[in-house]
Amino acid sequence: MLDHARFPTLAAAAQACRVCHACPLYQYATQAVFGEGPSHARLMLVGEQPGDEEDRRGHPFVGPAGALLDGALAEAGLSRDAVFVTNAVKHFKFVERGKRRLHEKPRAREIAACNPWLRDELRLVEPRMVVALGATASAALFGTKVSVMRDRGRVLSLALDGDAGEEVEAVLTIHPSAALRAPTSERRHELRDMLISDLRLAARQARLDA
Ligand code: URA
C-alpha cells in the first residue's frame with residue numbers, strides 16, 4: 001500500500017501515479033492522466049476519466065468534452081488557466097470496436113482504487129471550491145448519497161480526509177459530455193446552460209467571478 005501522505009507536491013504525486021497498478025485499467029490505457037492547473041487554484045474541477053484524446057495526449061479535458069467545458073468556463077467568466085482540472089479516475093477505460101476505442105463507465109471499485117490520487121490533489125491544491133462534473137465525480141467525492149440532477153445548483157459541503165472536520169465547498173453539475181450527447185439541440189442548450197449557471201455559482205463562491 002502506498003503512503004499517499006508522503007507526497008509533498010503535486011509533481012511527486014503525479015510521478016507516482018504514472019506507475020499506479022491499484023486497479024487493472026493501467027494495463028490498457030496509454031498513460032495515467034493526472035490533474036493540471038495552478039498548484040493552489042481556488043477552483044478545482046473534477047471530471048470522470050480521460051477520454052480517447054486525453055489518453056493519447058496525457059492531459060485532462062483536451063478532447064471534445066474539453067472544448068465544450070472551455071466554452072462554458074468562458075461564458076461563466078472563468079479562465080481555464082485559473083482552475084485545476086482533474087478526473088476521478090486517472091486511466092481511460094474503453095472497449096475496442098474495430099479501430100475505435102469507446103468510453104466505458106468506470107466501476108465503483110475502479111473509482112475507489114483511484115480515490116487516493118484525487119484526495120492527494122485536494123490536499124495539495126487546497127481549493128476553496130470543488131466542482132464535480134457528472135455522476136462519477138459526484139460519487140467519487142460524496143459517495144452514492146448525492147444525485148446530480150437533484151443536488152446541482154447549490155453549494156454543498158465536502159468533507160476532506162485528514163484533519164478532523166475539515167470541509168471545502170462543492171457544487172455538483174452535469175458532465176460536459178452529457179450536453180454533447182443530448183439527443184436534441186434544445187436539450188443540448190438546456191444542459192449547457194445548467195453547466196454554465198453552476199460554474200457561475202462556483203466562481204462566485206470561490207470569488208473568481210469578474
Ligand atoms: N471526460 C472527462 O471526464 N475527463 C476528461 O479529461 C475528458 C473527458
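Along the sequence shown, residues are numbered consecutively beginning with 1. Each ligand, and each atom within it, is numbered from 1 in the order the structure gives.
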Novice: Considering only the protein, which heavy-atom contact is closest to atom 4 (N) of ligand 1, and what is its distance?
Specialist: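 Going atom by atom, the protein heavy atom closest to atom 4 (N) of ligand 1 ends up being Asn87 OD1, 2.7 Å.
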Novice: Does even one non-hydrogen atom of His175 get within less than 4.0 Å of ligand 1?
Specialist: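 A heavy atom of His175 does come that close to ligand 1.
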Novice: Looking at Asp52 and Arg100, is any side-chain nitrogen of the basic one under 4.0 Å from a carboxylate oxygen of the acidic one?
Specialist: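 So Arg100 does not pair with Asp52 through a salt bridge.
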Novice: Do any nitrogen or oxygen atoms of Ser177 lie less than 3.5 angstrom from nitrogen or oxygen atoms of ligand 1?
Specialist: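 No: no nitrogen or oxygen of Ser177 is under 3.5 Å from one in ligand 1.
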Novice: Any ion pair linking Glu190 and Arg187 (charged N to carboxylate O, less than 4.0 Å)?
Specialist: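 So Arg187 pairs with Glu190 through a salt bridge.
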Novice: Looking only at protein heavy atoms, which one is nearest to atom 6 (O) of ligand 1, and how far off is it?
Specialist: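 So the nearest neighbour among protein heavy atoms is Phe61 N, 2.8 Å.
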Novice: Considering both backbone and side-chain atoms of Pro50, is one of its nitrogen or oxygen atoms within less than 3.5 Å of a nitrogen or oxygen in ligand 1?
Specialist: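 Checking ligand 1 against Pro50, no N or O pair falls under 3.5 Å apart.
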Novice: Looking at Arg128 and Glu169, does any basic side-chain N land under 4.0 Å from a carboxylate oxygen?
Specialist: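 Salt bridge absent between Arg128 and Glu169.
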Novice: Can you establish whether the number of heavy atoms outside Glu167 located under 6.0 Å from its atom CD is more than 12?
Specialist: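 Atom CD in Glu167 is packed in, count exceeds 12.
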Novice: Between Glu48 and ligand 1, which part of the residue brings a heavy atom under 4.0 Å of the ligand: side chain, backbone, both or neither?
Specialist: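 Near ligand 1, Glu48 shows its backbone as well as its side chain.
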Novice: For the aromatic rings, using the six-membered ring if either is Trp, is the centroid distance between His103 and Phe94 under 6.0 Å?
Specialist: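 No, they do not, as the ring centres are separated by 6.0 Å or more.
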Novice: What atoms of ligand 1 come closer than 4.0 angstrom to any heavy atom of Gly47?
Specialist: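 Going through ligand 1 atom by atom, the ones under 4.0 Å from Gly47 are 3 (O).
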Novice: Using the ring of Phe34 (Phe, Tyr or Trp, six-membered ring only), decide whether Lys90 places NZ or CZ under 6.0 Å from its centre and within 45 degrees of its axis.
Specialist: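 Yes, Lys90 lies over the aromatic ring of Phe34.
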Novice: Considering only the protein, which heavy-atom contact is closest to atom 2 (C) of ligand 1, and what is its distance?
Specialist: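 Ranking protein heavy atoms by distance from atom 2 (C) of ligand 1, first comes Gln49 O, 2.9 Å.
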